[in-house]
Amino acid sequence: MIFANVLSQLPIALPAISYKAVAPELVLFGGALLILLVSATVGKRELPGLYRAIALVAALAEGGFSGYQLYLAQGAKASLAVAGAIAYDGFSAFAGIVVAAILLLAILIGPGFIKRIAGDGPEFLVLMLISAMGATVMAQGEDLIVIFIGLEILSIALYVMVGYRIGDGLAREAAFKYFILGGFSSAIFLYGIALVYGATGTTNLAKIGAFLALNVLTHDGVLLFGLALLLLGFGFKVSAVPFHLWSPDVYQGAPTSVTGYMAAMAKVGAFAALIRVFDIAFAGQIVQWRPIVVGLAILSMVFGALFALRQRELKKILAYSSINHAGFILLGVYAGTAAAISNTLFYLIAYAVIVVGTFGLVSIVQDSIGVSEGSCSLDQLRGLARSRPALATVTAIMVLAQAGAPFTTGFLAKFSIIVSVVEIREYWVAVVAMLSAAIAVAFYLRIVLAMFRGEPEEVEGERVLAIQGAATEAPARRQALAWIGVSLSLVFTVGFGIFPQPLLDLAARAHIVG
Amino acid sequence: MGAVGFVVLFPLLGFLVLLTFGRRLGDPVAGWLGTLAVFGSFVSAIVVWLARLGNEGHPYVLRLFDWFSAGGLHVNVSFRVDGLSVAMILFVTGVATLIHLYSIGYMKGDPLYHQFFVYLNLFVFSMVVLVTANTLPLAFLGWEGVGACSYWLISFWFERPTAASAGKKAFIVNRIGDTGFLLGTFLVFEHLGSVSFSRLTAGSLNLSPDTATAIVLLFFLAAAGKSAQLPLFTWLLDAMEGPTPVSALIHAATMVTAGVYLMARLSPILALAHTADLVIAIVGVATAFVAAMAATAQTDIKKIVAYSTVSQLGYMMLGIGTGAYTAAIFLMITHAFYKALIFLGSGSVIHSLNGEQNIRRMGALKKYMPITTVTMILAWLSIAGVPPFSGFFSKGAVLENAFGDSPLLWAAGVITALLTAYYMGRLVYVVFYGTPRFEEVTHGHDPHESPSVMTIPLIVLAAAAVIGGLLNLPVSGFGFLGSWLAPVFGTAQAAYPMSAGLKDGLMATDAVVALLGVFLSWRAWGGVSENPALERKIFFNGWYIDAFYDRAFARTGTAVAEVADTVVDRQIVDGAVTGVAGVARLVGGAGRKVQSGLVRSYLLIMVGGLIVMLGYVLTVAAR
Amino acid sequence: MGYLDWLIAVPAVGALVVPFIPVSEERRSLIRGFGLAISLVELVLAAVVGVQFNSHASGYQFVTDVHWIQSFGVSWFLGADGITLVLILLTALLFVIAMFAMKGVKDFRAYVGWMLLLEAACMGSFTSLDLFAFFVFFELTLIPSYFLIADFGMGASGKAAVKFFVYTFAGSALLLVGIVSLVFIHDSETHRLTFSLPALMDTHLSGTTQLLLFLAFTAAFAVKTPIFPFHTWSPDAYRAAPIPAVVMLAGVMAKLGSYGIIRFDLELFPSTARSLAWLMLTLAVIGILYGAVVAAGERDLGRLVAYSSLSHMGFIVLGIFAFSTEGMSGSILQMVNHGIYTAALFLLLGMIYERRGTLDMAKLGGLQKRAPIFAAVFMLVVMASVGLPGLNGFIGEFLILVGTFITHRWWAVVAVAGVVASAVYMLWAYQRVFHRSQADASPFGEIKLKEALLVAPLLALIVLLGLYPAPLLARIDPTASAVVQHVLAAKGPVSDGASLPAVVKGVK
Amino acid sequence: MTIPGSWYLVVAALLFGLGAFGVLTRRNVIVMFMSLELMLNAVNLTFVSYARMLNDVGGQVDVFFVLVVAAAEVVVGLGIIVAIFRQRATVTADDISSLKG
């Protein structure tokens, strides 16, 4: 307590930080530091089990706090903290839960495989926790600069994770591309913030909203420019067409478990921030930015589906499929009503869980056919149904869930977005959306077809990289935790697919107070 | 009266028993069982006739059960007993019994012996249902049932491709006719609200003339299909591919007369549609003439008889068209006797010349086959219309009514009568008289007379052909058939006022024409067996009608189907679908090129996207 | 749990249990036994429903209505009327036969699993009156049938399966948007968010909206039935699918399309159905004749039966849009009849394929000489499909034509030609396969007892329903007339009065 | 005479354009990286000039955040570039294009 008194005497006025608001970030950051501390102190022997336990605890704690905040947010008025820079309301709490869910699955699935290519180092888990923190900061960011910082924390951590297997040429190339393009789009995003700041005099979302509500700018060129640049930044992060070009290469180059994690976490953070920014700050300008968002959405859905038709590499196909999903979520943002936002959140959590689960399965498939986390072409899947029927069936279910098969959250997610779009009377947009889903079914089925057709040909030796001292324990043990993670995601997908009401209620409470 | 149920039940039982145990019963027993079943049906027909002798007043309807009903349409399975149906079941089951008996001998040694009788019994069942059905759909069941049986029986020897396609052709042409039956039934239901014959009593129909005409013409299309009238008769010629008893029973005596029966049954409607009647009469007499001319030049014995059947059916339709229903039914019955006889006679000739059907390789058979020869000559004389044989009276009655309707029709009818006598005479002389030409066919030894099981039916039929006329003598008081059928046709029956002198004159001309025909055939074919002058190519090919149908419908049909399948469906309709998929894949391919892997091209595209957005924003801001 | 819930639950649970049955590899035929038992239980259940069904009561019976997803207003709402009952019975029966017909496969587990899931999905689609639940089951049928075709099919089954799935999915994509829009319009009118059919029936839709919704709904059903020109997936899918799957595809799932048209198109958009009747009738008639002509040109028996199925489904659609009680009852009855004889046909084709390894007519021939009993059975089924009176094909066809003749005369006149056309291609095919003497005397075993027993129930039904369809018709007729009255009674669309075609005369 | 604030903005915009152009055209990875930093600094200039024009300290504070982020990017970016450089002698952006199609 002495420290607090000393501080209070100092002439500078410390902003009142309500630790309740930033609890999720603190927990994640604390977990990351703890892992680093433990690995630093414990010396030569690495303790992967302990690191993973700490990470799991951190993730669960973060989930707990977010759940508590969501419970609290039920009645609470606008709850801003840290001088209005952080908002913790139902929306951010729900985003926190989604982040926790992704973390939980990724921690279970990832490390087992990463161990084979990059040893037992704690860095992977630390980076994961840090990037998760970045995502929650973005979700809670009430100030454009805070959102930018969250974005950068998330992005930079992801650049490193993508290049985690630095020995492999493809991974290096993916990291480089992701870095350069990410940096470029962050710069543009930042310039957008600057222009918005110039036009409205503040970077705080609430204040911007208030400012724009009061005085109508005569020539709002600068503001709209800024808006457009912001949209590019978000568009890049969620890989909306035409800013999607990085994702196929990076998804293929990066290690599979990183790809799965990145596909989920990047989108959650970006979409949370996007919704909050456009819902609070630029609610007034909805007429101007809506057409852009719907344009991006349709491009992403249609081309996301079309470009995947001729792909032969599994992870590239899944990259395009997540572009298609991004299109659908953008549609939810475009709809803009409160109900649409909760439906979008429902889509987000459904998508996140399915994507991490699907990529987890891809890792297991790769591991079982000896290809370590590298690119995996469809032909290598041939005959999987004969050799590993259970694995093939679960993968088929998850892929079909992405396609929108009934009795899975995938279907309900697409359904809720269609409901939101129809509610704003945009029938033709809904038709285009569903037709893009129909096109998408074609390549989802090609994945399933590859697994269930043909005999398992012997796997031509993929040049297995020299693994620095990877423990050579039997694959079964290494995949055990991964199987738990995948089954959790399967149970979630099918469970809430059949009885979605609890999840929908949860999403309904996640409205933005801001 | 309830015995009509048994008339129907016996052949059905026969069919079921033979179907299940036929293979085990084997060669003769199956045949006898089949004959027994049909004979049982014949006996019950007689019982029904006797029961009916007393009160010919109103028809009796035996209702079994409700077949199907939906909305306003209620169809039940019920059988009608009135003058017409009793007459029909009597002569159908009678002739069928004789032909069953004949077939036992004819089909001896055939591997599928029992199957033949399965189809025959099913045929008799369908025929009996057809003639006694009280509702149009049930009649249609019988109608298509006989069509299907004729299909199975024609293609009985399916090994022969010609037989198989002949059967198929028969069924399809019949089906074309059947569409008329269906549409007629729908019209009847639409206007009268019911499809039962009891509703179609004369006088109670408030049908407008053109509806009546439409109904009659539609049903006539069906009759034309079944009774081989002009547009749809070609199938009967090919039907000769089937075994001879089949030709005798189905394509001479019973099935082909179904069309005439149907028209007779619909007489109340015909009475309201005079234009339609005229059409029927004209088509009838035209068919008679065309078929008769074609018959003069055939060399295959069965083809001659087939054309003769078509011609005689034309006469019956002439009778129907001119409103002379009794005369038409009378001609139908007598025709059944002598035409069955001629067919069976030809069958016994073919049987003894082990399968040879070309009359040019026959001749002088009267020495070896006395019974067949005598019965054939009797049949020839009655079909020619030489008094006092049955043909004279029945054809006479039809011609008399035709004259009453319009002398032109009568004239055509008389000319055809001459031709009939001529071509049948040609057949008899070439086959039974003249020089023997069957050496290489019978490998040297002489042909033998058919066994008694085949000749007995010949004799019975010959007797019937001779005394058939008694059924309905033109002398008042002896018109048994006329009085028997009067309650059925009632006012529909046309009565042309003619003086007795005119009637006698007409009868005289008939007799003279018949004798002239006989004389001409004797002069032309007494000694010689070939005479190209009299056997023109055009008639031999049946006026090229069949050839025309084949090219116009069969060939083009197959070609169209071929094109429809390979081109239209695969390329165009399916093409559209795969085209869309192709375009999608094309765009997919383009996508791969855009993904060039070069970081700087990605940046360029991103900036491009940004510029588009900024451009849009500017236009919005400028507004 | 009402009867209908059990109808769905039994096969669904069966499907879930199958993968975990602890049976060793060589005794895997036990799994087939398990599948068979489930389908038999299902048949008994369906029979019980049939018996309990009270054909005089109007409206839906065996109703269960419980909340499912409140936030979207979705409820688990099942009910059965005449149409549903008849189709349930057909589905249950065909499934038992399909299970029997399942042989020659290494992986029984997946096979039985997918088949049971397919049965559950079909039952769900037929019985659910909640549009959301119907859509979910309607879509669910795609997944098992895709796997059945792709994994256990013959020939280029992979491509055919994908084409089938994507084509049907695209159709149902429009259906989904249609359903959601309808529900939204209803909600904005009555402030009650619900997907239940009875509630949605009284939404006031303006002419153009009702037209667009009608087209969206019909798109999905037209692909499923199939109606011309959306049929090109069916020959490939039917030809590539294994016999048990194609029995389901042609026998049951084709009826999903026509059932959907009756249940949803006519009930929800009666006035548009009336004003667009001329279009649907024309498509139906084209389907009848086009299907027949292409079938005649077809070389492969499997594809021939597929096109003949297109032609017969054309009759069913004709009966539906004739808007006369006779026509409607006829088309519902014909759905059952078509299911029976097409299933029988495909089973027989399976036997031919087993013996000769091909269905190409050029390579088949002279079968009647080697297998007369098989030929006789085949002939019976061919005659049923051609509509010979006395067999089940005729009754439905007759009622459809009569019903269409009364209200839309000239369509019926043209459609009757279909009766001739079906005789042409069927008998021509029969002749090429059975009569033509085959050059190489490759053996063709006579029909075995097991195979005969497999087809026997269908043959019995073909004859029985041909001679005595009254029990079925008694249950179908009240529902059919109710639907027809509903369509005819509906007043024109709210705003622009789409003019009724002059041809529609008052129904007797 | 005082230079109006908008001039600074124009300069900043030009700098930003220059940086972007640099990233687009230069092939050498290091130069691309430097142009990226140039863009970030151009944004800083914009922030400062707006802060001055709006007379609000917020803009200037934001500059520090940008600097911190730029520094972090440099660290990671150079790390990646060095890793790539170790495999190949000369590194141009176009060589790194095996991930395509």
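All chains are named by letter (A, B, ...) in the order of the sequence lines, taking the proteins before the strands, and each is independently numbered beginning at 1. The model shown is predicted, which means the values in this text are computed figures rather than measured ones.
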Check your understanding: So which of F411(A), F415(A), Y427(A) has the largest heavy-atom pair count under 4.5 angstrom toward chain C?
Key -> F415(A)

**Study point:** Backbone of Q501(A) reached by a side-chain donor or acceptor of Q70(C) within 3.5 Å
**Key:** no

Exercise for review: Measure from the side-chain N and O atoms of W68(C) to the backbone N and O of I498(A), and report whether any donor-acceptor pair falls under 3.5 Å.
Suggested key: yes

Review point. Quick one: does F147(C)'s side chain get under 4.5 Å of L400(A)'s, heavy atoms only?
Key: yes

Taking [options] one by one, which has the highest count of heavy-atom pairs under 4.5 Å against chain A?
options	result
V180(C), L212(C), D187(C)	V180(C)
L174(C), I179(C), L176(C), T168(C)	L176(C)
S71(C), A161(C), A170(C)	S71(C)

Output the residues of [range] for which the shortest heavy-atom distance to chain C is under 4.5 Å, in residue-number order; output 'none' if no such residue exists.
range	value
residues 431-441 of chain A	V431(A), M434(A), L435(A), A437(A), A438(A), V441(A)
residues 325-352 of chain A	N343(A)
residues 297-310 of chain A	none

Check your understanding: Roughly how far, to the nearest 0.5 Å, is the OG atom of S181(C) from the CD atom of E423(A)?
Key -> 11.0 Å

Point to revise | Between CG on residue L412(A) and CZ on residue F72(C), distance to nearest 0.5 Å | key: 6.5 Å

Revision key, fill the gap. Nearest heavy-atom approach of A403(A) to F169(C) is O-CZ, 4.0 Å

**Study point:** Considering all heavy atoms, the nearest I69(C)-P500(A) contact
**Key:** CD1-CG, 3.4 Å

**Study point:** For chain A, which residues of residues 123-146 of chain C have heavy atoms nearer than 4.5 angstrom
**Key:** F132(C), F135(C), V136(C), F137(C), E139(C), L140(C), I143(C), Y146(C)

